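Note that the numbering runs from 1 along the sequence shown for the chain. Remember, it's a predicted structure, so these values are computed and weren't measured experimentally.
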Amino acid sequence: MTAAPALSPVGPNALAALHGRVFQTPRPWSAPEFRALLGEPSVFLLTEPRPGSASEALQPAAPDGFLMGRAIAGEAEILTLAVAPEARRQGLGARLVAAFLTAARARGAESAFLEVAADNEPALALYRVAGFAEAGRRRGYYRTPEGRPLDALVMSRPLG
């Protein structure tokens with residue numbers, strides 16, 4: 001049985017390595033960017049331990065996926081969600097989103113939102129199943145590696 005996603009001590013290097021494996025658009029985040037975000041009091045990180053991995057506080061195993069969120073002033077935001085290609089289609093993304101919704105409510109958020117590349121059909125499907133709906137569009141918000149503009153969809157949902 002897989003453990004439920006939980007707050008995680010995974011470090012910025014492991015997060016950047018996984019992010020770099022799964023993102024091209026938007027561009028992957030660096031370890032210093034993750035380190036800066038993890039230093040913000042409103043930001044939280046959710047992971048799900050790999051089956052059979054030891055939970056070590058100083059050097060935890062790299063996760064198969066993670067979700068970084070932020071909750072402040074009654075709103076919560078999914079900053080990024082990354083699942084390793086070999087761990088996809090096993091429910092990990094859905095479990096991380098569900099854990100995010102629970103964590104956001106616990107932090108007093110009344111609504112949640114996110115931005116996602118308009119062409120990321122798997123992510124759009126995941127978020128729709130989790131109750132998110134399109135609330136807006138940011139034209140040309142992202143750039144592909146080739147420099148082509150790509151829209152971001154803003155999605156939101158109430159947490160009540």
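- Between Ala112 and Leu101 the shortest heavy-atom distance is CB-CD2, 4.5 Å.
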Would you be so kind as to tabulate the donor-acceptor pairs closer than 3.5 Å made by side chains of residues 128-137, with sequence neighbours excluded?
| unit_1 | atom_1 | unit_2 | atom_2 | d |
| --- | --- | --- | --- | --- |
| Arg137 | NH1 | Asp151 | OD2 | 2.9 |

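- Residues meeting the side-chain contact (heavy atoms from CB on, under 4.5 Å) test with Ala109, sequence neighbours left out: Ala76, Ala104, Leu159.
- With sequence neighbours left out, Arg138 forms a side chain to side chain donor-acceptor pair (under 3.5 Å) with Glu115.
- For Phe23, the ring-ring contact (aromatic ring centres under 6.0 Å, His included) partners two or more places apart in sequence, or in a different chain, are His19.
- With sequence neighbours excluded, no residue satisfies side-chain contact (heavy atoms from CB on, under 4.5 Å) with Glu110.
- Remark: Glu146 pairs with Thr144 by the side chain to side chain donor-acceptor pair (under 3.5 Å) rule, at least two apart or across chains.
- In this structure Pro41 satisfies the side-chain contact (heavy atoms from CB on, under 4.5 Å) test with no other residue, sequence neighbours excluded.
- Shown here are the side-chain contact (heavy atoms from CB on, under 4.5 Å) partners of Ala123, two or more places apart in sequence or in another chain: Val116, Asn120, Tyr127.
- Closest approach of Leu96 to Leu81, counting heavy atoms only: CD1-CD1, 3.7 Å.
- Applying the side chain to side chain donor-acceptor pair (under 3.5 Å) rule to Thr25 yields no partners; only residues at least two apart in sequence or on another chain are considered.
- As a member of the Ile/Leu/Val/Met/Phe/Trp/Tyr network built from side-chain separations under 4.5 Å, Leu150 groups with Tyr141, Tyr142.
- Among pairs with a residue in residues 72-85, those fulfilling salt bridge (Lys or Arg N to Asp or Glu O under 4.0 Å) read Arg70-Glu77, at least two apart in sequence or across chains.
- By the side chain to side chain donor-acceptor pair (under 3.5 Å) test, Arg105 is found to be paired with no residue, residues two or more places apart in sequence or in another chain being considered.
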